[in-house]
There are 2 protein chains.
Amino acid sequence: MSGVTIYEVARAAGVSPSTVSNYLNGRPGRMLPGTRKRVEDAIAQLGYRPNRAARQLRTGRILVVGLVVPSVANPFWGTFARHFEGAALAHGYRVLLCNSERDPDREREYIEELWDDGIRGIVLCSSLPSLGHVQSFVDDGLALVGFDRTAQAGDAASLVNISIDNVVGAQLAARHLLELGHRRLAFVSGSLASVNRTERFRGFTAALEEHGLTSQDTLVWSGARSGSGAPEDYGDLDASGLGRTAARELLASDVPPTGIIAINDMCALGVCAGIRDAGLRVGQDVSVVGFDDIVLADLAAPPLTTVRQPLEEMAAMAFAQLRQRLDGDGPTAGQSLLVRPELVVRDSTAPPPPNTTDRH
Amino acid sequence: MSGVTIYEVARAAGVSPSTVSNYLNGRPGRMLPGTRKRVEDAIAQLGYRPNRAARQLRTGRILVVGLVVPSVANPFWGTFARHFEGAALAHGYRVLLCNSERDPDREREYIEELWDDGIRGIVLCSSLPSLGHVQSFVDDGLALVGFDRTAQAGDAASLVNISIDNVVGAQLAARHLLELGHRRLAFVSGSLASVNRTERFRGFTAALEEHGLTSQDTLVWSGARSGSGAPEDYGDLDASGLGRTAARELLASDVPPTGIIAINDMCALGVCAGIRDAGLRVGQDVSVVGFDDIVLADLAAPPLTTVRQPLEEMAAMAFAQLRQRLDGDGPTAGQSLLVRPELVVRDSTAPPPPNTTDRH
DNA sequence: CTCTGTTAGTGCATCGATTTACTATCGCCA
DNA sequence: TGGCGATAGTAAATCGATGCACTAACAGAG
């Protein structure tokens, strides 16, 4: 019924509520074995379950953490959320999940809600350069872990971030294409106003420079170009649509790229679709590299070459960091924990077709 | 801060806590405009936020509902979860999300946790034939809405279920292949021990019968066949892997199918990969139909013919039903609400190659 | 026999908001 | 002037669990 209280248990066991409470809170040694047995029996017989609201009110503690992701409809975030939940559950925590759609206002609103719920630990998957909109909560004692972003100037001193090494990852991707012989490369992304996108772009250009190429040899397609005036429209909601549009437009240009690096796998799959729309073949005619290595990357036709993020491991790291801060043990200085990316080569990349190679 | 209580607000405004509470709970008419203003100012100035644990303890109410899905790593469930969250949020509710991995024990454990949290409304996405493992909570007053299943004999009288019409959906899929001229069809699924899978299989066979075909003309591949003894191993975790294996095995048989119906899109994408593994072309050599119409269906190469589930609408229905039961208004008789499926024809289906058509 | 220390267990204030039952004040009419 | 009925606002009990401060009982030391 849920109507069973600690008082009824106490009466049934012939002890005081304090004793039942002692039993429940890891102090069973404070009573004689006989007493303990009576308490146990009473609890079992009445089907007693402590009221969490009352407990939380009294102790201020709650074993729930918050997870704010852009959108769980995106398989990348869905997979991350599931792994994160697994990690939390293994430590007795539950997870309250929120989809922000990458909207800073929603991020803040959600964090307000979580705060009001008494939740004091949150993993925020936001690649916004500034977390200023959330700063006040951190000042008030919120344990915050950033995910999919790296430390930025102006961040709270205590903020940790977990992220793949975007620069290296994008570098791996670009080098791979360059080593295959590609010289006209494109970088496809939504708005660049996010930490990981800028970093990936930096890795991309770094690799180009290694090969003596300049920005003149590259094309960049970001949502902003579409001229819609609302670059943020291209978010996780429709990364694939973005990629598809981008590919069509890029391939229609005078000197189309032979290799395309997409900001993530969903976008890359869209790019692949766009390439086919243009009557070209992925791999043979145009190479595509994605980012993330979601399950679908391996299922696509052709299977997608991509930069892998070890999500399960990263989810465990995020939870561990969060917990450390919640428990107040261990160092809590702010930093970025960068995970090493790995290039997974599949069939969406190949040497460029001969006639385009020497065109440069 | 969070340390601001209703007492401090009351003191700052020069009123009693009761008055502040009246103001907060939609009874601002119970005070003079001047008083109300002072209360408002005090709240704003102190940054007061009501303590939800205290409120919940007192009222027994909590604006959180539970959502138990197999795995949010699966884009279908991720998409559903996001839409459901949107619907809940629009009505002032938040969502506690749980991944059951289709494990009845985890389903029950999660529901216990949610119950202990004071949550009294849950949408359970379980296609288990029996919800007996959860019955006791319903008896105690839990508002439960089943999703992705239909009413079964033995269900609690008050249980509503929201589901696509699986029989009709599978029928649409099978008819489509039959009308294209296919005569050797296969049905690929994990364990058949779930409501929607049996229903889809029923629709499949019904369509075959319409065309005068018997079960001899069909192949069924379900996880159980693999002989691992653990059919449940094939769940949402690896629907695509399942499909891939299935396709390979089916195509290696003496009389391979020319058309394959997969239990869902992830599985279908796996089937497509398996077809390519076998050196055949999807569409031209072997037709494939999926189920769900996830975003990726349209991005695949070739784009996947599939039976669409209008997830946003279904999520809204699920929340509406849940709320109706929570608020205790409206009829609460148990039933199944079936949503009409729609066949989306794309390029993964085509007439069978000539040499196989007449083989039958 | 008293004093100290230990064990076993209890009483009660407390967390913060809600809500019922109540009081005080005022207007108005007979 | 007395009394009725609103209106404005308050006092205090309450939700259920916790944990500090306390007591009772008893063993052992001096």
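Chain identifiers are assigned alphabetically (A, B, ...) following the order of the sequence lines, protein sequences preceding nucleic acid strands; residue numbering begins at 1 within each chain. What you see is a predicted model, and the numbers here were worked out from it, not measured in a lab.
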Q) Starting at CZ of Arg30(B) and ending at C1' of dT19(C), how long is that distance when rounded to a whole Å? A) 11 Å
Q. For Ile6(A) and dG9(C), what is the distance between atoms CD1 and P respectively, to the nearest whole Å?
A. 15 Å
Q.
If you only use heavy atoms from C-beta on, which nucleotide in dT18(C), dA17(D), dT10(D) is closest to the side chain of Tyr7(B)?
A. dT18(C)
**Q.** Residues Glu113(B) and Arg106(B) bridged, charged N to O under 4.0 Å
**A.** no
(Q) Give me the atom names and distance for the closest heavy-atom approach of Leu89(B) to Tyr110(A). (A) CD2-OH, 3.2 Å
Q: Assess the pair Phe147(B) and Phe80(B): is the distance between their ring centroids shorter than 6.0 Å?
A: yes
Q | SB check Arg149(A) Asp155(A) (cutoff 4.0 Å) | A | yes
Q) Expressed in angstrom and rounded to an integer, what is the separation of Tyr23(B) atom OH from dA8(D) atom P? A) 16 Å
Q.
On DNA chain D, does the nearest nucleotide to Leu32(B) precede the nearest nucleotide to Arg52(A) from the 5' side, or the other way round? Give the residue.
A. Leu32(B)
Q.
Can you confirm whether Val134(A) sits close enough to Ile122(A) that some side-chain heavy atom of one is under 4.5 Å from a side-chain heavy atom of the other?
A. no
Q: Kindly state which residues belonging to residues 53-61 of chain A come within less than 4.0 angstrom of DNA chain C, counting heavy atoms of the residue only, listed by number.
A: Leu57(A), Arg58(A)
Q) To the nearest angstrom, how far is Arg49(A) atom CZ from dA17(D) atom P? A) 12 Å
(Q) Starting the side chain at C-beta, find the nucleotide from dT18(D), dT18(C), dA17(D) nearest to Tyr48(A). (A) dA17(D)
(Q) Between P on dA17(D) and CD1 on Ile43(A), what's the gap in Å once rounded to a whole number? (A) 10 Å
Q) When the distance from CZ of Arg11(A) to P of dT10(C) is rounded to whole Å, what number comes out? A) 14 Å
Q | Along DNA chain C (nearest heavy atom to each residue), the more 5'-positioned of Leu24(B) and Thr35(A) | A | Thr35(A)
Q: Decide, yes or no, whether a salt bridge links Glu112(A) with Arg108(A) under the criterion of side-chain N to carboxylate O below 4.0 Å.
A: yes
Q: Would you kindly give the CD1-to-C1' distance between Ile62(B) and dG16(C), to the nearest whole Å?
A: 16 Å
**Q.** For the student: nearest non-hydrogen atoms of Val20(B) and Ala10(B), plus distance
**A.** CG2-CA, 3.8 Å
Q: Take the protein atom CG of Asp117(B) and the nucleotide atom C1' of dA17(D), then report the distance between them rounded to whole Å.
A: 16 Å
Q: Counting heavy atoms from C-beta on, name the nucleotide in dG9(D), dA17(D), dT18(C) closest to the side chain of Thr19(B).
A: dG9(D)
Q. Taking only N and O in the side chain of Asn25(B), is any of them less than 4.0 Å away from OP1 or OP2 of dT18(C)?
A. yes
Q) Considering only dT10(D), dG9(D), dT10(C), which nucleotide approaches the side chain of Val15(A) most closely? A) dT10(C)
Q | Thr5(B) side-chain proximity, nearest of dG16(C), dG11(C), dG16(D) | A | dG16(C)
Q.
Can you say whether a donor on the side chain of Ser18(A) sits under 3.5 Å from an acceptor on the base of dG19(D), or the other way round?
A. yes
